[in-house]
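In what follows, chains carry the letters A, B, and so on, assigned in the order in which the sequence lines appear, proteins first and then strands, with residues in each chain numbered from 1. What you see is a predicted model; the values in this text were computed from it and never measured.
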Protein chains: 2
Amino acid sequence: MNSKKNAPADALDTFARFLQDRGLRMTRDRRAIIRQVFEVHAHFTMDDLFIALRLKGERLSKTTLYRNLPLLVESGLIRRVPGESSDGRFEHVLGHPHHDHLICLECGREIEFSCTDLETAQDNICRRYGFHPVWHRLGIWGYCRRCRARRSVKPKER
Amino acid sequence: MNSKKNAPADALDTFARFLQDRGLRMTRDRRAIIRQVFEVHAHFTMDDLFIALRLKGERLSKTTLYRNLPLLVESGLIRRVPGESSDGRFEHVLGHPHHDHLICLECGREIEFSCTDLETAQDNICRRYGFHPVWHRLGIWGYCRRCRARRSVKPKER
DNA sequence: TCCTTATTGCGACTGGTTTCCATTACCAAC
DNA sequence: GTTGGTAATGGAAACCAGTCGCAATAAGGA
Ligand SMILES: [Mn+2]
Ligand SMILES: [Mn+2]
Ligand SMILES: [Zn+2]
Ligand SMILES: [Zn+2]
């Protein structure tokens with residue numbers, strides 16, 4: 001219900017527990033990072049985050065982000081978004097459950113979707129191979145409805 | 001039938017046409033690259049390719065590879081393989097049709113699979129969104145049968 | 001409060017990729 | 001077969017995201 005409203009607080013809590021379990025410490029920077037990450041409901045890069053935090057007056061360094069985002073990933077609070085090449089794109093998880101992406105080659109827009117058939121099919125495959133899945137990333141590139149309409153030109157290849 | 005045997009030749013042909021269409025030229029280096037890429041039936045990195053070609057006595061430079069692999073991708077002859085971070089991993093396409101990957105977090109082994117249910121589910125999703133798919137990449141990370149057997153320890157998270 | 005040790009900032013450093021530019025090689029047109 | 005306009009190439013320098021080393025700082029349990 002209020003799962004969205006409390007996401008930042010919940011996340012902070014989760015992370016605190018995660019840190020404690022590993023003998024790590026909760027710091028001002030880490031609090032600021034969590035707060036920011038769960039305040040924005042969109043994909044972000046290392047740099048997006050850095051700039052946002054600096055604008056808010058936080059004085060952490062980029063190195064700190066590079067050291068902490070992997071922890072957030074491990075804790076399950078954020079995940080990497082599939083991208084063409086070496087992404088450095090993340091998105092938070094709480095209040096934003098698993099989904100896959102349609103990425104438009106023309107306008108760059110990303111559509112998030114989730115589909116049980118797809119997940120089921122994956123589970124079946126894994127079972128067949130005796131594979132224990134932990135996570136997956138699916139990205140589909142192509143042309144979105146809007147772009148297709150705007151130019152009734154058909155794109156080429158498969 | 002002999003689609004495999006002639007893959008290098010077919011590829012060369014395809015690429016020649018591709019180049020011509022764009023006013024680009026077929027060169028010794030490009031021929032060598034195609035030949036090598038279709039001779040090896042496995043994923044490869046920029047460096048794998050460079051070393052292999054050098055060992056064969058080709059005297060091209062790495063810069064040339066960096067300039068030409070993107071062309072091979074555009075021509076549809078090779079594709080990028082999904083990878084955790086900055087991949088620079090490719091695989092050829094001819095005689096090696098579309099498939100997705102199971103990647104073991106422990107041994108790093110990659111299992112290639114393809115599953116019509118999965119593809120169908122994707123098509124359905126795309127239709128629903130009015131999205132025209134061009135390509136997709138699915139990678140599932142987890143633990144392979146072999147590794148799970150070797151250590152009957154259960155991995156954590158979902 | 002004290003003390004151990006995790007955390008941080010900063011600059012140096014890295015490895016992969018791109019860019020520059022002068023030289024070489026295609027290849028289509030004579 | 002020669003020529004000429006360009007594409008292609010090699011090598012070095014530049015770029016860039018990320019990583020590392022280290023001395024200074026700050027959590028947080030005792
Ligand atoms: Mn997303
Ligand atoms: Mn493959
Ligand atoms: Zn679009
Ligand atoms: Zn394995």
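- Rounding to whole angstrom units, CE of residue A:Met26 and P of D:dG28 are separated by 8 Å.
- Atom-to-atom, CZ of A:Arg54 to C1' of C:dC10 comes out at 11 Å; the value is rounded to the nearest Å.
- B:Leu53 approaches B:Ala32 most closely through the heavy-atom pair CD2-O, 3.6 Å.
- Ring pair A:His101/A:His43 is perpendicular by interplanar angle, where above 60° counts as perpendicular and below 30° as parallel.
- Partners of B:Phe15 under the ring-ring contact (aromatic ring centres under 6.0 Å, His included) rule, at least two apart in sequence or in another chain, are B:Phe18.
- The residue A:Asp29 sits close only to the backbone: its heavy atoms come under 4.0 Å of sugar-phosphate atoms, none of a base.
- Of the residues near DNA chain D, B:Gly23 and A:Gln20, the one whose nearest nucleotide (by heavy atom distance) lies more toward the 5' end is B:Gly23.
- For the pair A:Leu24 CG and D:dG29 P, the interatomic distance rounds to 12 Å; values are reported in whole Å.
- A:Phe50 has its CZ atom 14 Å from the P atom of C:dT8, to the nearest Å.
- Within residues 57-72 of chain A, the residues approached by DNA chain D to less than 4.0 Å at the level of any non-hydrogen atom are A:Thr63, A:Tyr66, A:Arg67, in residue-number order.
- Rounded to an integer number of Å, the gap from B:Leu53 CG to D:dG10 C1' is 15 Å.
- Shown here are the side-chain hydrogen bond (donor to acceptor under 3.5 Å, both in side chains) partners of B:Arg59, two or more places apart in sequence or in another chain: there are none.
- Remark: P of D:dA7 and CG of B:Asp21 are 16 Å apart, rounded to the nearest angstrom.
- Note: B:Trp141 and A:Trp135 have parallel aromatic rings, judged against thresholds of 30 and 60 degrees for the angle between ring planes.
- Considering B:Leu60, B:Thr64, B:Leu24 in turn, B:Leu24 is the only one that fulfils the side-chain contact (heavy atoms from CB on, under 4.5 Å) rule with B:Arg30.
- When rounded to the nearest whole Å, the span between CZ of A:Arg28 and P of C:dG9 equals 11 Å.
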Go through the steps to decide whether B:Thr120 and B:Asp117 satisfy the test side-chain hydrogen bond (donor to acceptor under 3.5 Å, both in side chains), and finish with yes or no.
-> CA-CA 5 Å; B:Thr120 303; B:Asp117 285 357; 5.4 Å; no
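- For B:Arg25 and D:dT6, a side-chain-to-base donor-acceptor distance below 3.5 Å is present, hydrogens and geometry of angles not being considered.
- Atom-to-atom, CG of B:Leu19 to C1' of C:dA25 comes out at 15 Å; the value is rounded to the nearest Å.
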